[in-house]
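Below is one structure, written out as structure tokens, with a few remarks after it.
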Amino acid sequence: MLRVRHEVNGGPEVLFREDVAVPAPGPGELLVAVEAVGVTLPVVRKVREGSGPVPLGGEVAGTVAALGEGVRGFAPGDRVTGLCFGHGYAEYALLSVPFASAVPDGASSVDAVALVRSGLVARGAWEAGHVRPGESVLVTAAASGVGSLALRLARAGGAGRLVAAVSSADKAGFVRGLGADEVVLYEDPAAWGEPYDVVLDGVGGELLGPAVRALATGGRLVAYGSGGGSVDAYELLVRGASVTGFQIRAVAQGRPEVYEGWRRELWKAYGDGSLRPAVHGEIPLAEAARAHALIEGRHNLGKVVLVP
């Protein structure tokens with residue numbers, strides 16, 4: 001089978017293709033014939049600046065090809081999606097059952113990888129922010145797979161003033177179409193307008209400081225990106241503000257009933273037509289480097305998906 005991986009850290013150019021044997025599922029695992037792979041910023045960053053080569057995992061969707069020992073609730077031929085923590089950039093991938101869920105009839109594999117993980121992160125960040133109806137909300141990385149769903153969930157959840165922060169002005173029309181009332185640019189935090197009750201931050205790094213300073217008195221920032229960054233405690237003190245970190249893997253492992261409840265909510269909203277993921281496009285798996293370059297260059301509008 002075709003698999004994409006890397007042996008050294010660097011840019012998209014370090015990714016390479018190889019032919020390897022199809023893996024065998026272990027206990028509690030599903031072997032999935034992959035039909036779509038969601039490309040995430042954390043994986044892109046790990047390739048460039050991680051501590052060493054890692055399997056390229058993330059969201060995958062496809063059809064169950066084989067079951068590992070002890071698996072219940074799934075059968076060969078079932079359509080599934082889930083988080084792969086091993087080699088996901090491949091024609092076949094292994095999913096651990098707790099991180100797998102059925103794809104309902106009528107949903108494509110591309111929509112599944114664009115909706116589930118990104119939607120779970122967006123839903124969890126919204127929950128962690130304790131957003132009340134009518135509050136002002138700033139969403140960074142608003143044109144990303146997670147950010148685009150965060151905008152839609154915030155609009156549906158009763159946000160008052162909803163502002164999208166993006167890297168370039170050419171994304172303004174896209175994020176306005178997702179429900180943003182206003183659009184601001186990373187490069188000019190002074191123009192972000194009135195302070196916000198809640199900031200949902202998917203960028204981190206150098207943007208974390210300005211995002212904290214954009215909080216109103218009693219404001220809450222939820223950091224769910226992989227960019228890291230430092231928070232000045234004084235900035236929190238003078239605002240009576242707070243910062244909360246959010247990671248969906250921690251919820252899946254520590255609060256599986258919450259994780260499953262959010263997952264059901266997302267599929268219900270998809271089924272009734274009230275929530276649709278934004279997909280930038282489908283790129284062949286063999287051209288994964290092009291997908292990484294697209295995300296590193298901040299050119300994507302919505303989720304970038306690889307297809308075998």
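Index from 1, following the sequence.
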Membership question, hydrophobic clusters at under 4.5 Å side-chain separation (ILVMFWY): are [Y] and [X] in the same one?
X    : Y   : answer
V43  : L95 : yes
V71  : V60 : yes
I283 : V4  : yes

Please round to the nearest 0.5 Å and tell me the distance separating atom [atom1] of [X] and atom [atom2] of [Y].
X    : Y    : atom1 : atom2 : answer
T40  : R45  : OG1   : CZ    : 10.0 Å
I295 : K303 : CD1   : NZ    : 7.0 Å
R298 : K171 : CZ    : NZ    : 7.5 Å

Donor + acceptor pair across side chains of T63, E35 (<3.5 Å): yes

Mutual orientation of the aromatic rings belonging to W262 and F246 [parallel < 30°, tilted 30-60°, perpendicular > 60°]: tilted

Residues E260 and R263 bridged, charged N to O under 4.0 Å: yes

Salt-bridge present (D181, R155; N to O < 4.0 Å): yes

Side-chain donor or acceptor of Y186 paired with backbone N/O of A141 under 3.5 Å: yes

How about [X] and [Y]: do any of their side-chain heavy atoms sit closer than 4.5 Å?
X    : Y    : value
H6   : V54  : yes
L56  : L15  : yes
V37  : V113 : no
I248 : Y224 : no

V238: hydrophobic cluster co-members (side-chain, 4.5 Å): Y234

Shortest non-hydrogen separation from G119 to L266 and the atoms involved: C-CD1, 3.5 Å

Nearest atoms (heavy-atom pairs only) where Y270 meets G106: OH-O, 3.9 Å

Residues 196-214 side chain polar contacts: donor-acceptor under 3.5 Å, at least two apart:
{"from": "Y196", "atom 1": "OH", "to": "R161", "atom 2": "NH2", "distance (Å)": "3.1"}
{"from": "Y196", "atom 1": "OH", "to": "W192", "atom 2": "O", "distance (Å)": "2.3"}
{"from": "D197", "atom 1": "OD2", "to": "S136", "atom 2": "N", "distance (Å)": "2.8"}
{"from": "D197", "atom 1": "OD2", "to": "S136", "atom 2": "OG", "distance (Å)": "3.1"}
{"from": "D201", "atom 1": "OD1", "to": "T140", "atom 2": "OG1", "distance (Å)": "2.7"}
{"from": "D201", "atom 1": "OD1", "to": "V203", "atom 2": "N", "distance (Å)": "3.1"}
{"from": "D201", "atom 1": "OD1", "to": "G204", "atom 2": "N", "distance (Å)": "3.4"}
{"from": "D201", "atom 1": "OD2", "to": "G204", "atom 2": "N", "distance (Å)": "3.1"}

Those residues that, when tested against A90, pass side chain to side chain contact (heavy atoms under 4.5 Å, CB included) (two or more places apart): M1, R3

